[in-house]
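Take a look at the structure below.
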Amino acid sequence: MANLLVLGTQWGDEGKGKVVDLLTPAFDAVARYQGGHNAGHTVHVRGKKIVLHLIPSGILHAGKLCLIGNGLVVSPSAFLKEISDLIRLEVVVDPSRLALSRNAHIIMPWHPVLERISEESRGEKKIGTTCRGIGPAYEDKAARWGVRAGDLLEPAVLRDKIVENVAAKNRVFQAFGLPALEAEPIVDEYASWGEKMAPYIRDVSELLHGLIKGGKSVLFEGAQGTLLDIDHGTYPYVTSSNSTAGGACTGLGVGPKAIHGVLGITKAYTTRVGGGPFPTELVDERGERIAARGDEFGATTGRPRRCGWFDAVAVRYTCRINGADRIALTKPDVLEEFSEVLVCTGYRYKGEVLKVFPPEPWILEKVTPVWRTLPGWKNSVHGASDAGALPRSFRDYVRLIEDLVETRVAIISTGVEREETVFVPGGLRGLVDLRKLRRGRSV
Ligand code: GDP
Ligand code: IMO
Ligand code: MG
């Protein structure tokens, strides 16, 4: 059966959580492949709001297997807290349905401290990270200093690694006048977390291989968005992992042929949290209206998100980078009060019009958007679930986006709830088993 990859095509927070939860009934397992608890994926079920950070957004569907790949960086305290928060909500979370790769890297106590030092030393140019220790944990992975989930289970290995790391990090701490770290309390704390995490720590690549070989289907879940990808995003204003499609292979240990389709989650406008260029940003009352109506506050840090019009140059680029087959368009209901809406179709730069997205911040900071203005769709989309009921002006907006980004829209999300969704007829053909989806949804 077909496996589908769901990922963000903008700067994150496109609504991946809602779409992954919505599609989970059609799959047997959901697998996250990168990032960490910098992510905040929101799912609403019958009026209740649940935010997932590390655990895949399929966890609310009983019996579905949820996998956390080697590509993530995991804070043990965040992992265990998320499990206990879900159990408090009466969600069944146990090792029979949740597994963490033994090769996933562990966020250590020095990582958030090093992140603060790095951000402070950038001054005006700070990235505006989530301060979760994500970047430094990936730095240690690349530098080959990292502690992995499997190391938590081997007391002697864990002690050695922590002692070596503490000696190295203390040289940096000393240079910045910070109190020295002590290895032993850290060894004890992480060993005790290791005991609690042990039943979840598995060979996730092997597990996935067995599932796929046995005819089961997998939904791969990306975190962040393509423009935050370490290679293809607006570097250096990015996160430290590959949030793009290729990250699913490296971050889970599956071959590229295991991915049969790619669904790009795309907001009907644009948002960004933290620093970095944002050509279509609205720094006026219109931006504030979008933020208020769209409830654009970070699901992880609570920071206000910057808001702006839809950027078709950026999304055409991100659909290309990911090989997106289809788009799920989210939050068009937020734009309902505007009598007209704008779409960026190109960038004016040094007397030319760029149609291909330049990821360099020093170019993006100097471009002026070329706009196309369309009539709005006053109070007629929120909550819709029937494609036939969508007004003409909104259908024209969707058509323009599809043409500009060269990718068809298969899902239109019209509100936070599962039911507030339009499935475009035929849109998911070949990507999602709709019979299985319908059967699962009625449970
Ligand atoms: P993610 O990180 O991509 O999972 O997205 P977030 O959960 O951080 O942010 C998306 C926000 O938009 C969440 O609060 C969702 O509940 C909400 N949302 C998702 N789809 C829709 C929609 O179609 N309309 C509205 N109004 N809100 C939506
Ligand atoms: P989800 O999965 C939006 C942003 C941060 C910062 C940059 C680097 O919910 O879409 P980091 O802490 O990762 O080193 O921060 O990336 N960022 C996100 N923005 N949604 C996210 O995740 C994000 N995860 C990181 O704001 O600009
Ligand atoms: Mg989010």
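When reading the values below, keep in mind they use all heavy atoms of this one structure, side chains included, and skip hydrogens, waters and symmetry mates.
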For the side chain of [X] and the backbone of [Y], is there at least one donor-acceptor N/O pair under 3.5 Å apart?
X    : Y    : value
N38  : T239 : no
T414 : H382 : no
D21  : G58  : no
K378 : E337 : yes
K64  : F27  : yes
D229 : S243 : yes

- Item | Derivation of the side-chain hydrogen bond (donor to acceptor under 3.5 Å, both in side chains) call for T129 and E115 | CA-CA 8 Å; T129 67; E115 182 166 359; 2.4 Å; yes
Between [X] and [Y], does any side-chain N to carboxylate O distance fall below 4.0 Å?
X    : Y    : result
D151 : R159 : no
D140 : K169 : yes
R399 : E402 : yes
E417 : K18  : no

- Query: Could you go step by step and tell me if T9 and T266 meet the side-chain hydrogen bond (donor to acceptor under 3.5 Å, both in side chains) rule?
  - Reply: CA-CA 6 Å; T9 63; T266 306; 2.8 Å; yes
- Item | side-chain hydrogen bond (donor to acceptor under 3.5 Å, both in side chains) assessment of S101 paired with N103 | CA-CA 5 Å; S101 167; N103 290 349; 5.0 Å; no
- K141 NZ to H105 NE2 distance, which is reported to the nearest 0.5 Å: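 Reported to 0.5 Å precision, the distance equals 5.0 Å.
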- Task: State the OG-CZ distance between S57 and R32, to the nearest 0.5 angstrom.
- Result: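 CZ of R32 is found 7.5 Å from OG of S57.
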- Query: Is the distance between the ring centroids of W11 and F278 less than 6.0 Å?
  - Reply: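 Ring centres of F278 and W11 closer than 6.0 Å.
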- Query: Is there a donor-acceptor contact under 3.5 Å linking the side chains of T226 and Q10?
  - Reply: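 Distance-only check fails for T226 and Q10.
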- Query: So which of K267, R305, R272 actually passes salt bridge (Lys or Arg N to Asp or Glu O under 4.0 Å) with D13?
  - Reply: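 That would be R305; it is the only one of K267, R305, R272 passing the salt bridge (Lys or Arg N to Asp or Glu O under 4.0 Å) with D13.
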- Item | Criterion salt bridge (Lys or Arg N to Asp or Glu O under 4.0 Å) against E296, the qualifying member of K331, R289, R303 |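 That would be K331.
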- D85 and K81: salt bridge (charged side-chain N to carboxylate O under 4.0 Å, His left out), yes or no, with the steps? CA-CA 6 Å; D85 286 351; K81 179 176 185 304; 2.8 Å; yes
- Task: Give the ring-plane orientation class for Y317 versus F357, where under 30° counts as parallel, over 60° as perpendicular and anything between as tilted.
- Result: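 Y317 vs F357 ring planes: tilted.
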- Using a 4.5 Å cut-off on heavy atoms from C-beta on, say whether the side chain of T42 contacts that of I50.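 The answer is no; the side chains never approach within 4.5 Å.
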